[in-house]
Engineer: 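If you scroll down you'll find the structure; I have some questions about it.
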Amino acid sequence: MDNFGFEQQGPRLVNPDATGLNDFFKKVYTYMALALLVTAATAYLGVTLFAAQIAAIFSSTMSSLVMFAVMMGFVWLFSSRVYTNPGQAFGMLMGFSVLNGVTFAVIGLTTSLGMIASAFFTTALLFAGMALYGFTTKKSMSSLSSILVWIGNRFDYWRYHQFIFL
């Protein structure tokens, strides 16, 4: 079976029923959750065990730019190879998660743990709620965009003012 060939002339029906689509989304969400856990664990280790090393890496502009270039190079390499070797793509996703964790460790060194946890749990709950809604309904969620932007703006305004007056 050739999953990556481009010799087919017509459209290919990959998931003819809801079970196949559900399995696909379950796999995607599992990979993304695992990548998020790797990022969080790496950031936690960076803040608790390797704080001096993380601070040294990001203390100069040049080393920060090099780290940014490495991350962008990783994205470029990942995007060029993702369709040719799924096993390699998974390894690269985990490697990119580690690089993100190192970068997020800087945020952990400069921001309180409560603020980071609040942002993480708010984002995770919003994502879970939206994914559940999108998964269970047949309605397009594009009609909710203006409402969600309005709610997000109010939440940002509230968080900003709460942070300033602490």
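Bear in mind that the values here come from a model prediction, so they are computed numbers and not experimental data. Residue indices begin at 1 and follow the sequence shown.
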Engineer: Picking from Val38, Leu45, Thr39, what satisfies side-chain contact (heavy atoms from CB on, under 4.5 Å) with Thr42?
Structural biologist: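 For Thr42, the side-chain contact (heavy atoms from CB on, under 4.5 Å) test succeeds with only one of Val38, Leu45, Thr39, which is Val38.
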Engineer: Residues in side-chain contact (heavy atoms from CB on, under 4.5 Å) with Ser112, at least two apart?
Structural biologist: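 Applying side-chain contact (heavy atoms from CB on, under 4.5 Å) to Ser112 gives Met115.
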Engineer: CD1/Ile151 to CG/Leu126 distance, rounded to the nearest 0.5 angstrom?
Structural biologist: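 Output value for this atom pair is 9.0 Å.
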Engineer: Atom OG1 of Thr84 and atom CD of Gln88: how far apart are they, to the nearest 0.5 Å?
Structural biologist: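 One gets 6.0 Å once the value is rounded to the nearest 0.5 Å.
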Engineer: In Å, rounded to the nearest 0.5 Å, how long is the span from CE of Met67 to CE of Met72?
Structural biologist: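 Spacing of CE (Met67) from CE (Met72) equals 11.0 Å.
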Engineer: Anything under 3.5 Å between a donor and an acceptor, one on a side chain of residues 90-104, the other on a protein residue two or more places apart or in another chain? List them.
Structural biologist:
residue : atom : partner : partner atom : Å
Ser97   : OG   : Ala35   : O            : 3.4
Ser97   : OG   : Leu93   : O            : 2.9
Thr103  : OG1  : Leu99   : O            : 3.0

Engineer: Output all residues satisfying side-chain hydrogen bond (donor to acceptor under 3.5 Å, both in side chains) with Ser64, sequence neighbours left out; order by chain, then residue number.
Structural biologist: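 Ser64 satisfies side-chain hydrogen bond (donor to acceptor under 3.5 Å, both in side chains) with no other residue.
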Engineer: In chain order, what residues pass the side-chain contact (heavy atoms from CB on, under 4.5 Å) check against Ser79, with sequence neighbours excluded?
Structural biologist: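 Residues passing side-chain contact (heavy atoms from CB on, under 4.5 Å) with Ser79: none at all.
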Engineer: Please report the shortest heavy-atom distance between Ala105 and Val47, naming the atom on each side.
Structural biologist: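 Heavy-atom minimum between the residues: O-CG2, 3.5 Å.
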Engineer: Residues two or more places apart in sequence or in another chain: which of them pass side-chain contact (heavy atoms from CB on, under 4.5 Å) with Leu37?
Structural biologist: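 Residues passing side-chain contact (heavy atoms from CB on, under 4.5 Å) with Leu37: none at all.
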Engineer: Crowded around Phe50 CZ? As in, over 12 foreign heavy atoms under 6.0 Å?
Structural biologist: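 Count not over threshold, so no.
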Engineer: Holding to ring pair (Phe, Tyr, Trp, His ring centres under 6.0 Å), I want the full list of residues that pass it with Phe127, two or more places apart in sequence or in another chain.
Structural biologist: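 So Phe127 forms a ring pair (Phe, Tyr, Trp, His ring centres under 6.0 Å) with Tyr29.
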Engineer: Report, as yes or no, whether the 6.0 Å neighbourhood of atom OH on Tyr44 holds more than 12 heavy atoms from other residues, nucleotides or ligands.
Structural biologist: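 Atom OH in Tyr44 is not crowded, with 12 or fewer foreign heavy atoms closer than 6.0 Å.
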Engineer: Test of understanding: with side-chain hydrogen bond (donor to acceptor under 3.5 Å, both in side chains), list the residues that count as partners of Ser60, not counting sequence neighbours.
Structural biologist: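 With sequence neighbours excluded, Ser60 shows a side-chain hydrogen bond (donor to acceptor under 3.5 Å, both in side chains) to Ser63, given in chain and number order.
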Engineer: Check side-chain contact (heavy atoms from CB on, under 4.5 Å) between Ala128 and all other residues, then give those that pass, not counting sequence neighbours.
Structural biologist: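 With neighbours one apart ignored, the set is empty.
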